[in-house]
Amino acid sequence: MQPRPLAAVAVAATAPFPPSWAHQVRAAATQGDFLHAIALFLRMRAADAPAAPRSAVPASLPAALKCCSALGLPALGASLHALALRSGAFADRFTANALLNLYCKLPAALCCSPSTDDAAGESLESIRKVFDDMPEKDPVSWNTVVFGYAEKGRHQEALGVFREMWTDGCRPNSFTLSSVLPIFAKCSDVRKGMEVHGFATRNGFIDDVFVGSSLIDMYANCTRTDYSVKVFDNLPWRDAILWNSMLAGCAQNGSVEDALGIFRRMLHSGVRPLPRTFSSLIPACGNFASLLLGKQLHAYVIFGGFDGNMFISSSLIDMYCKCGNVSIARHIFDRMQSPDTVSWTAMIMGHALHGPAREALLLFDRMELGNVKPNHITFLAVLTACSHAGLVDEGWKYFNRMSDCYGIAPSLEHHGALADILGRAGELEEAYSFISKMQIKPTASVWSTLLRACKVHKNTVLAEKVAKKIFELEPRSMGSHVILSNTYSCSGRWNEAAHLRRSMRKKGMKKEPACSWIELKNKRHVFVAHDKSHPWYERIIGALNVFSEQMVRQGYVPNTEDVFQDLEEEQKSHVLCGHSEKLAMVFGILNTPPGTTVRVMKNLRICVDCHTVTKFLSKIAERDIVMRDANRFHHFKDGNCSCGDFW
DNA sequence: CTAGGGTTAG
């Protein structure tokens, strides 16, 4: 925004006393002091001031309308609309454009509509009506409407106006492009996005930072970060938001390394990070499950004075939970002044995944008492807690509470969670009939929670019935084939198990290789099951054998239930030795000082034998061991596990 | 008077 000293002087010279009302209103609005601006405007009107000339209304209406949209004041906006029509100010395109903007910015819920049941449609109508009635349309008018429709999710209408603008002889500019690009980002339409990219290049908009960041974001949303990088690298200069778009693009596409690289380049070129830089980076770190990286970023957040931002705190809570340190997460949570729904949800989910799950339910009760409204994800977290704690009655209670008290309709995921609760608790038939009676068509993943429960509770008959349902929906479901085969193996039905494995091979299905990893001194060590080529393999197996002698003296019996192959018992226990989580865990114990907590991550679920062994090891080696599998966290301490052997 | 980037689940 450029200061206009000469114009100001000119206005002041002609006004009754300087500076004029209109000038003051505009100045306050420009500075973002919307309340002050609107107060001034109203005072001017109320005084019916002799001091205020007739020209003061058209001169300050655009600013006043801007305040209404910024502050969300629909009723005042509507009366200004009437004033614009009465006073003839509507003929002024600045006023008309500001009115357009008002109807575009107001959320549907705030739109004053006599019959509130169609507030959204009402606001679209208001936009169209103002637009059609405008005496003259300029590029700003077109851009405002395109943006407004796009923002309200009316993509087709927005693109319609975009085309209409062409035929009306108004050329799109950088504003238009940065309103249209997010549409193609949302629906992942790279082809259309590239057409816009081409247009921007041909018409000299390619160096515009707004167009640039929209392009970067569009390509990233279409999983084409390679194009995002090209756009980014070709820009002549980059502001903080551009760096952020590129960083978020990498982070959302799962490349933490690239995101961190951008972060370093950003710092290196002297651009100060914004709060959003961290709320993009930290979740990526959490998904990468790197506690070391996460802690470094946390340190940066503290030194940079970014703690206190709710987005950042929530993402830190989630990151620490996902990286296996729920107590730091809780520390951050307890220090937040007013955690919002997301913060509570992240913390509840953290406790649900780490156990004791009761803690999650206690938090939920506190959240309700504190009048923070849970949402559908909060209930997923609560149901997860019930599932992990085996609380069937509580599960039903929360499942019903969701719609009864908060008007949230249970989604497919909520149904899946409840089915999981019933199944894990051994109420297999009830789970079966619950899934069968769902109003939403159950997916293979809902059924597979029950299949897993059938395996745990050794109900082969029901397992076959459930597996049939799954294979109808998803014939190549790898996990379900494995579980069914294991269910057969468990009950000694080797022929069926073998048959199933043969048919899997015929279909070309390969089991995802199990792997576990551990971070030590800024380095991640990955272990694949039975990978003898690992330089530490022999030493790890040697140590494992020493431990296992002690374990056997304390009553350890190998549990070969989860061994997929049909082998002799001794061979089976040999197979167990090579499991990746054991390799990673022993590697951790051998390479860290006594007393250090060992944190292991695994891509699949932990097997029964590894769980037992880890309990023994936590006692024998006197270590706290945190193990994250595909489903939850296990905290092993003094021979016990936080999951209570129920997982 | 108009435009760009973010947090919670699986």
Side-chain angles (χ1 to χ4, degrees), chain A residues 26 29-30 61-66 69 92-102 104-105 134 138-148 150-151 172-182 185 205 208-218 220-221 239-249 251-252 274-284 286-287 309-319 321-322 339-350 352-353 374-384 411-414 416-417 420 443 445-446 449 630-631:
Chain A
R26 286 209 304 260
T30 308
L61 253 183
L65 284 165
K66 184 189 175 142
S69 32
D92 166 51
R93 64 184 214 286
F94 290 90
T95 301
N97 284 342
L99 260 175
L100 266 185
N101 189 41
L102 172 77
C104 290
K105 288 279 165 60
M134 283 179 74
D138 65 3
V140 174
S141 327
W142 288 103
N143 288 341
T144 305
V145 177
V146 172
F147 169 79
E151 271 292 290
N173 61 19
S174 61
F175 283 77
T176 333
L177 303 187
S178 59
S179 296
V180 164
L181 280 168
F205 298 125
D208 183 280
V209 283
F210 285 82
V211 173
S213 65
S214 309
L215 279 172
I216 290 169
D217 189 52
M218 183 273 296
N221 269 300
D239 64 4
I241 293 184
L242 258 167
W243 284 100
N244 253 13
S245 313
M246 192 60 245
L247 190 149
Q252 282 154 13
L274 298 164
R276 282 182 198 220
T277 313
F278 294 100
S279 41
S280 295
L281 210 43
I282 294 169
N287 295 329
N309 175 304
M310 206 150 51
F311 281 93
I312 295 182
S313 298
S314 298
S315 59
L316 279 171
I317 290 170
D318 180 59
M319 181 274 292
C321 291
K322 284 185 174 146
D340 71 348
T341 304
V342 174
S343 329
W344 282 98
T345 303
M347 197 63 248
I348 291 171
M349 185 58 89
L353 291 180
N375 63 18
H376 64 120
I377 303 175
T378 317
F379 277 102
L380 264 177
V382 170
L383 292 172
T384 304
S411 71
L412 183 76
E413 284 81 7
H414 296 106
D420 188 47
T443 57
S445 74
V446 175
T449 62
N631 188 44

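Here is how names work: the chains are called A, B, and so on, in the same order as the sequence lines, proteins then strands, and each is numbered from 1.
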Side chain of A/Ser214 only, heavy atoms from C-beta on: which candidate in B/dG4, B/dT7, B/dG10 is closest? B/dG4

Phosphate OP1/OP2 of B/dC1: any A/Asn101 side-chain N/O under 4.0 Å: no

Establish, with yes or no, whether the OP1 or OP2 oxygen of B/dA3 is under 4.0 angstrom from a side-chain nitrogen or oxygen of A/Lys105. yes

Hey, does A/Asp340 reach any base, or is it just sugar-phosphate, or nothing, if we go heavy atoms under 4.0 Å? nothing

What's the closest nucleotide to the A/Glu413 side chain, out of B/dG10, B/dC1, B/dA3? B/dG10

Which of the following nucleotides, B/dT8, B/dG6, B/dG5, is nearest to the side chain of A/Asn375? B/dT8

Could you label the plane-to-plane angle of the A/Phe175 and A/Phe210 rings as parallel, tilted or perpendicular, counting under 30° as parallel and over 60° as perpendicular? parallel

Passing candidate, side-chain hydrogen bond (donor to acceptor under 3.5 Å, both in side chains) with A/Asn97, options A/Thr144, A/Asp92, A/Asp138: A/Asp138

A/Phe278: which residues meet the ring pair (Phe, Tyr, Trp, His ring centres under 6.0 Å) condition with it, sequence neighbours left out? A/Phe263, A/Tyr300, A/Phe306

Nucleotide nearest A/Val342 (side chain, heavy atoms from C-beta), chosen from B/dG6, B/dT7, B/dA9: B/dT7

With a cut-off of less than 4.0 Å, is there a side-chain N or O of A/Gln252 near OP1 or OP2 of B/dG5? no

Of the nucleotides B/dC1, B/dA9, B/dA3, which has the atom closest to the A/Ala98 side chain? B/dC1

By a 5.5 angstrom centroid cut-off and a 30 degree plane limit, is there stacking between A/Phe175 and B/dT2? yes

